[in-house]
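Inspection log for the structure reproduced underneath, given as structure tokens.
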Amino acid sequence: MLIQERPAPPSTKEELLNHARALAGQTLGQIANRLNIAVPENLQHSKGWQGQLIETALGGIDATFAGPDFPELGIELKTIPLDHRGLPKESTYVCAIELSEIHGQQWKTSLIYNKLKQVLWMPIESEKHIPISQRHIGMPLLWSPSKLQEGILKTDWEEHMEKISLGRIAEITAHMGNVLQVRPKAASGKIRRKSSNEQGETKDTLPRGFYLRPAFTSEILKQNFINPA
DNA sequence: CCGTGATCATCT
DNA sequence: AGATGATCACGG
């Protein structure tokens with residue numbers, strides 16, 4: 001991705017939100033053109049393209065950093081693909097799961113909590129038949145989990161982490177978790193990573209990541225109607 | 001190789 | 001159709 005005019009990082013939450021709202025109604029093509037970024041024909045070989053584009057447009061940091069996209073503000077950016085009904089088309093990847101040194105991890109200090117405590121959701125029109133350059137950005141939402149939502153996330157997280165700490169990660173499937181899933185996250189099914197249990201014994205396992213179910217992100221996006229931007 | 005950005009491809 | 005398990009590209 002060639003970037004010629006990368007915006008500076010926003011210094012305040014208001015600045016970020018204003019910039020994000022200014023993108024609403026625009027197409028991916030318009031945004032890409034301003035940044036001199038080429039638009040791919042399809043996303044099959046450019047799966048993270050939209051996320052990188054919006055992150056660049058808003059002045060976020062490098063995607064490779066294992067933390068919030070806007071560290072100063074503690075805000076994570078997530079693009080979310082919508083179908084014609086305005087519902088999420090896919091689950092939302094949150095972060096990789098640490099497979100070692102998981103003993104004693106607490107929810108409040110976990111990587112996933114720190115990623116989810118404040119998220120800027122950028123909806124993107126993602127019907128298959130619409131050319132990528134013509135897809136529109138929807139109205140963004142700056143969200144933090146409600147007490148109820150956080151409780152559900154925490155419970156899911158604790159159940160998953162307990163299995164992992166017991167060395168039973170192989171038993172975890174995407175069927176588990178009310179709103180938070182554990183699914184493979186690797187370049188291929190052949191990749192292996194060391195996973196250690198409470199006794200310090202290690203096993204090689206497929207790397208996993210945390211994902212939010214579409215039903216959960218759908219509920220989150222409804223706040224756009226309760227609290228119109 | 002690993003974690004970031006996610007969507008794809010297949011099965012039910 | 002929707003969900004699950006698998007995969008693609010990139011920078012460090």
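We use all heavy atoms of the structure for the numbers below, so side chains are in, but hydrogens, waters and symmetry mates are not. Remember, predicted model here, so these are calculated numbers, not experimental data.
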Between A:T79 and B:dA6, is there a contact of a side-chain N or O with OP1 or OP2 at under 4.0 Å? yes

Any Lys/Arg nitrogen of A:R193 or A:D204 sitting under 4.0 Å from an Asp/Glu carboxylate oxygen of the other? no

Tell me whether the side-chain N or O atoms of A:K89 pair up with the base of B:dT7 as donor and acceptor below 3.5 Å, since no angle test is needed here. no

For A:T202, check side chain to side chain donor-acceptor pair (under 3.5 Å) against everything at least two apart and list the hits. none

Within residues 178-198 of chain A, residues whose heavy atoms come under 4.0 Å of DNA chain C: A:Q181, A:R183, A:P184, A:K185, A:A186, A:A187, A:S188, A:G189

Answer whether the closest heavy-atom distance between the side chains of A:P7 and A:L35 falls below 4.5 Å. yes

Can you measure A:E55 atom CD to C:dG11 atom C1' for me and round it to whole angstrom units? 12 Å

Using a cut-off of strictly less than 4.0 Å, decide whether A:H175 has a side-chain nitrogen or oxygen near OP1 or OP2 of C:dT4. yes

Please determine whether a side-chain nitrogen of the Lys or Arg among A:K163 and A:E159 lies less than 4.0 Å from a carboxylate oxygen of the Asp or Glu. no

I'd like to know if A:E201 pairs up with A:K203 as an ion pair, taking the criterion as any Lys NZ or Arg NE/NH1/NH2 lying under 4.0 Å from an Asp or Glu carboxylate oxygen. no

In short, A:Q149 meets A:S144 closest at the heavy-atom pair OE1-O, 4.2 Å

Stretch residues 148-166 of chain A: residues that reach within less than 4.0 Å of DNA chain C through a heavy atom: none

Which atoms of nucleotides 9-12 of chain B (N or O only) lie under 3.5 Å from a protein N or O atom, and what are those distances?
| from | atom 1 | to | atom 2 | distance (Å) |
| --- | --- | --- | --- | --- |
| B:dA9 | OP1 | A:Q44 | NE2 | 2.9 |

Give a yes or no answer on whether the side chain of A:H160 reaches the backbone of A:L180 with a donor-acceptor pair at less than 3.5 Å. yes

Test item: A:N197 and A:I164 side chains (from C-beta on) under 4.5 Å apart, heavy atoms: no

Is A:H45 near enough to C:dC8 that one of its side-chain N or O atoms lies under 4.0 angstrom from OP1 or OP2? no

Contact check, side chains of A:F210 and A:I97, non-hydrogen atoms, under 4.5 Å: yes

May I ask you to evaluate whether A:Y93 reaches the phosphate of B:dT7, defined as a side-chain N or O under 4.0 Å from OP1 or OP2? no

Looking at A:R135 and A:E125, does any basic side-chain N land under 4.0 Å from a carboxylate oxygen? no

Return yes when atom CD of A:E41 has more than 12 non-hydrogen atoms of other residues, nucleotides or ligands closer than 6.0 Å, and no otherwise. no

Report, one line per pair, each donor and acceptor closer than 3.5 Å where one atom sits in a side chain of residues 85-93 of chain A; sequence neighbours left out.
| from | atom 1 | to | atom 2 | distance (Å) |
| --- | --- | --- | --- | --- |
| A:R85 | NE | A:D83 | OD2 | 3.0 |
| A:R85 | NH2 | A:D83 | OD2 | 2.6 |
| A:K89 | NZ | A:S126 | O | 3.2 |
| A:S91 | OG | A:R183 | NH1 | 3.0 |
| A:S91 | OG | A:R183 | NH2 | 3.2 |
| A:Y93 | OH | A:A96 | N | 2.9 |

Considering only heavy atoms, which members of residues 207-214 of chain A lie under 4.0 Å from some atom of DNA chain B? A:Y211

Phosphate OP1/OP2 of C:dA1 contacted by A:R85 side-chain N/O (<4.0 Å): no

Please report the closest heavy-atom contact between A:L111 and A:A66, naming both atoms and the distance. CD1-O, 3.9 Å

Out of B:dG3, B:dT7, B:dG5, minimum distance to the side chain of A:E76 belongs to B:dG5

